Amino acid sequence: MSEERKHDDPTLTTRQGHPISDNQNTRTVGPRGPATLENYQFLEKISHFDRERIPERVVHARGFVAYGEFEATEKWGDEPISTYTRAKLFQEAGKKTDVAIRFSTVIGGRDSSEVARDPRGFAVKFYTEDGNWDLVGNNLGVFFIRDAIKFPDVIHSLKPDPITFRQDPARIYDFMSQSPESMHMLVNLFSPRGIPADYRHMQGFGVNTYRWVNSAGESHLVKYHWLPRQGVKSLTEEDAANIQAHDTGHASKDLYEAIENGDYPKWDLVVQMMSDDDHPELDFDPLDDTKTWPEEVFPPKLVGTMTLNRNIDDHHNENEQISFGTGVLVDGLEFSDDKMLVGRTFSYSDTQRYRVGANYLQLPVNSAKNATVATNQRGGTMSYGVDLQGQNPHVNYEPSTMRGLRESEPTGEKDVGPELSGRLTRSEIPRTNDYMQAGQRFRLMEEWERDDLVKNFIDNIGEATREVQERMVWHLLMCEDELGLRVGEGLGITPDDVRHLEPLPKQQLTDAERERLANLG
Ligand code: HEM
């Protein structure tokens with residue numbers, strides 16, 4: 001900005017700083033003549049417009065971002081949190097860390113409806129003094145699959161048909177009927193919880209299993225949960241249809257207005273923990289994201305509270321370009337060997353380098369604003385400044401004797417986690433136990449929730465082929481008699497119709513499941 005221009009000067013200019021005196025008329029030869037091509041003002045305006053969109057996210061395209069702060073309790077329940085993790089953001093009572101959150105739907109495009117029956121994304125970026133930490137979760141606590149290699153398939157089945165471009169329950173249930181690990185997620189998704197009332201009234205879950213590491217290098221497995229102080233509310237399909245008739249963005253509106261009105265929403269962060277081993281005593285694998293950890297055995301304990309108190313200034317800059325990833329962790333918080341988590345960790349930054357660009361981490365919303373960033377990364381599209389922290393600008397390599405960036409002092413970091421060994425293999429984890437928690441979840445539902453789930457299953461599975469319907473009734477009978485019988489009744493399928501079905505190829509059954517199969521229905 002030139003020195004003569006005042007900060008509040010409203011004069012419109014080009015990006016080159018040229019004042020614009022006519023923004024209504026293209027330059028032409030005479031009032032009715034042809035347009036000329038040297039008209040920089042017009043060319044800059046229209047060609048910038050032509051490039052206004054970046055690719056939308058391949059999943060979670062529609063979302064809404066807000067900012068706030070996380071306040072730590074310094075405890076895990078009643079115990080000092082340092083017993084379990086050395087992550088700095090948790091260490092002092094009342095310590096505040098800036099956060100950005102993006103809530104989202106998964107399957108629809110960038111302008112799709114926010115009342116869709118769909119999982120909701122719940123992604124939180126903590127701008128800590130040790131660099132950024134992203135906790136990228138959902139509102140349902142579990143997921144459809146447990147191995148990242150199946151992610152493109154599950155998403156293709158849920159996305160619109162490649163020809164008709166319609167989301168098609170026949171395709172969805174075709175895939176799910178061949179993937180029994182999806183039953184727990186489906187029982188959640190097709191219950192009332194599958195359409196949260198808005199973003200303020202839903203829970204969030206990290207879903208995957210992570211590790212906490214303390215200063216002695218000891219590790220524990222953990223799962224994260226966000227509990228809304230506003231309570232949890234859901235919509236029936238009828239409520240959802242009524243909202244959608246006049247608003248496809250009600251959840252963004254609700255959150256934006258609450259924050260504008262000073263009615264700041266809050267979530268408590270609670271953490272479940274278990275020792276870092278494979279827990280042979282459990283009937284599920286702690287690294288399986290289709291399972292929840294029973295709260296009576298692994299009680300969730302408070303570690304802090306998040307308050308959202310500021311809206312974004314620009315949708316594109318702060319929502320379209322914000323980039324989360326499961327690999328973005330700080331000292332004291334670690335991965336586990338959860339096979340989804342490792343696949344996710346590659347996928348997020350890979351897609352962001354394509355979707356936003358090689359230098360996506362230089363954007364203000366993504367940069368580690370509360371930590372010092374010092375890299376030898378140079379160049380690439382839209383590179384913006386260097387982060388040498390006053391070191392010799394000729395040196396963009398390491399090691400160097402000429403005042404370049406240097407490795408930090410040894411952190412005293414110790415090797416973490418149990419010792420592992422094994423042959424390279426492609427095999428499912430043991431203890432798949434695909435039906436048990438789906439059945440438990442159904443039994444925990446209130447009567448009206450069961451009715452809603454059964455109706456939604458009948459309506460949707462009813463669009464699939466007879467073969468798929470029968471396999472789905474078989475799975476639901478394996479989860480829980482009442483669920484299988486009622487959905488079967490709605491579809492005109494009895495246990496006798498499906499008793500002859502063999503387990504799917506590659507499907508593992510527990511002894512209890514074999515017994516169930518022998519007495520189906
Ligand atoms: C977004 C991949 C599983 C939650 C995304 C994106 C990709 C992706 C490519 C788009 C990111 C972007 O463009 O910035 C995967 C893969 C998975 C997986 C490969 C499994 C192997 C999950 C699970 C959850 C989840 C289990 C929930 C716990 C999210 C959320 C977003 C997202 C919340 C949106 C982030 C945002 O708001 O920008 N995922 N995902 N994903 N995923 Fe996943």
Side-chain angles (χ1 to χ4, degrees), residues 53-67 99-110 112 114 118-125 132 134-159 179 181-182 184-185 188-189 196 199 202-210 222-226 251-252 255 287-292 312 315-328 335-358 360-361 363 365-366:
R53 298 287 182 278
I54 57 173
E56 66 177 27
R57 288 168 177 80
V58 62
V59 283
H60 297 262
R62 176 150 202 170
F64 202 70
V65 171
Y67 299 108
V99 298
I101 185 162
R102 186 169 183 273
F103 298 109
S104 51
T105 45
V106 179
I107 296 301
R110 182 155 41 195
S112 57
E114 288 185 330
D118 200 10
R120 299 297 188 267
F122 196 114
V124 185
K125 189 180 288 294
N132 289 351
D134 292 351
L135 181 55
V136 196
N138 74 17
N139 68 319
L140 292 175
V142 287
F143 202 66
F144 299 100
I145 50 167
R146 61 167 74 87
D147 190 319
I149 201 168
K150 296 187 72 167
F151 188 73
D153 297 301
V154 69
I155 295 300
H156 284 174
S157 81
L158 289 158
K159 285 270 188 185
S179 306
E181 69 270 34
S182 64
H184 192 189
M185 181 71 163
N188 282 308
L189 184 61
Y199 291 140
M202 64 181 206
Q203 295 166 307
F205 300 91
V207 177
N208 289 113
T209 297
Y210 293 84
V222 293
K223 272 197 197 260
Y224 300 98
H225 311 277
W226 292 104
S252 299
L255 180 63
L287 304 185
D288 179 351
D289 70 355
T290 70
K291 303 293 186 293
T292 54
I312 54 170
H315 177 83
H316 182 84
N317 292 346
E318 293 151 86
N319 184 335
E320 283 304 285
Q321 299 196 134
I322 196 170
S323 302
F324 298 88
T326 48
V328 185
F335 301 101
S336 73
D337 299 323
D338 179 332
K339 291 190 212 180
M340 285 285 284
L341 196 55
V342 289
R344 292 181 72 191
T345 296
F346 168 75
S347 184
Y348 288 81
S349 31
D350 180 47
T351 197
Q352 286 147 4
R353 288 183 184 109
Y354 154 74
R355 180 173 76 76
V356 187
Y360 73 105
L361 291 175
L363 297 172
V365 75
N366 293 327

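Computation of the quantities below employed the complete heavy-atom set of this structure, encompassing side-chain atoms and omitting hydrogens, waters and symmetry-equivalent molecules. Values in this document were obtained by computation on a predicted structure and should not be read as measured data. We count ligands from 1, going down the list as the structure has it; atoms in each ligand are counted the same way.
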Quiz prompt | Closest protein heavy atom to atom 33 (C) of ligand 1, given as residue, atom name and distance to 0.1 Å | solution = G137 O, 3.2 Å

Quiz item: How many angstroms lie between atom OG1 of T290 and atom CD1 of I145, to the nearest 0.5 angstrom?
Solution: 10.5 Å

Quiz item: Quick one: does G63 get within less than 4.0 Å of ligand 1, heavy atoms only?
Solution: no

Quiz item: What's the shortest distance from atom 38 (O) of ligand 1 to any protein heavy atom, and which residue and atom give it?
Solution: R57 NE, 2.9 Å

Quiz item: Does F122 have a non-hydrogen atom less than 4.0 Å from ligand 1?
Solution: yes

Quiz item: Roughly how far apart are E318 CD and F64 CZ, rounded to 0.5 Å?
Solution: 10.0 Å

Self-check item: Numbered atoms of ligand 1 (with element) below 4.0 Å of N138, judged on heavy atoms
Solution: 27 (C), 28 (C)

Self-check item: Ligand-side contact atoms (ligand 1) for residue partner V207, heavy atom cut-off under 4.0 Å
Solution: 28 (C)

Self-check item: Cationic N near anionic O, under 4.0 Å, K125 to D134
Solution: yes

Self-check item: Identity and distance of the protein heavy atom lying nearest atom 13 (O) of ligand 1
Solution: R355 NE, 2.7 Å

Practice problem: Just jot down the ring-ring contact (aromatic ring centres under 6.0 Å, His included) partners of H225, sequence neighbours excluded, or say none. | Solution: F205

Quiz prompt | Cut-off under 2.8 Å, centre atom 43 (Fe) of ligand 1, protein N/O/S atoms | solution = Y348 OH

Practice problem: Give me the ring orientation class for F122 and F103: parallel if the planes are under 30° apart, tilted from 30 to 60°, perpendicular past 60°. | Solution: perpendicular

Quiz prompt | Residue, atom name and distance, where the atom is the protein heavy atom closest to atom 11 (C) of ligand 1 | solution = T351 CG2, 3.6 Å

Practice problem: Find all atoms of ligand 1 within a distance of less than 4.0 Å from any non-hydrogen atom belonging to A148, and give their numbers and elements. | Solution: 21 (C)

Exercise. Considering only non-hydrogen protein atoms, determine which one is nearest to atom 37 (O) of ligand 1 and report residue, atom name and distance to 0.1 Å.
Key: R102 NH1, 2.7 Å

Self-check item: Sole residue of D338, N208, T345 in side chain to side chain donor-acceptor pair (under 3.5 Å) with T326
Solution: T345

Quiz item: Between D350 and ligand 1, which residue portion shows a heavy-atom distance shorter than 4.0 Å: side chain, backbone, both, or neither?
Solution: neither

Quiz item: When you look at NE2 of H156, are more than 12 heavy atoms from neighbouring residues, nucleotides or ligands closer to it than 6.0 Å?
Solution: no

Quiz item: Going by heavy atoms in the side chains, are R355 and R57 under 4.5 Å from each other?
Solution: yes

Quiz prompt | Atoms in ligand 1 flagged as close to V58, the criterion being non-hydrogen separation under 4.0 Å | solution = 9 (C)

Self-check item: H184 side chain reached by T292 side chain, heavy atoms, under 4.5 Å
Solution: yes

Self-check item: side-chain contact (heavy atoms from CB on, under 4.5 Å) partner of Y67, the single match among I312, V99, I101
Solution: I312

Self-check item: Sub-4.5 Å side-chain heavy-atom contact between N319 and R102
Solution: yes

Self-check item: Option among T105, V106, V136 that satisfies the side-chain contact (heavy atoms from CB on, under 4.5 Å) test with H60
Solution: V106

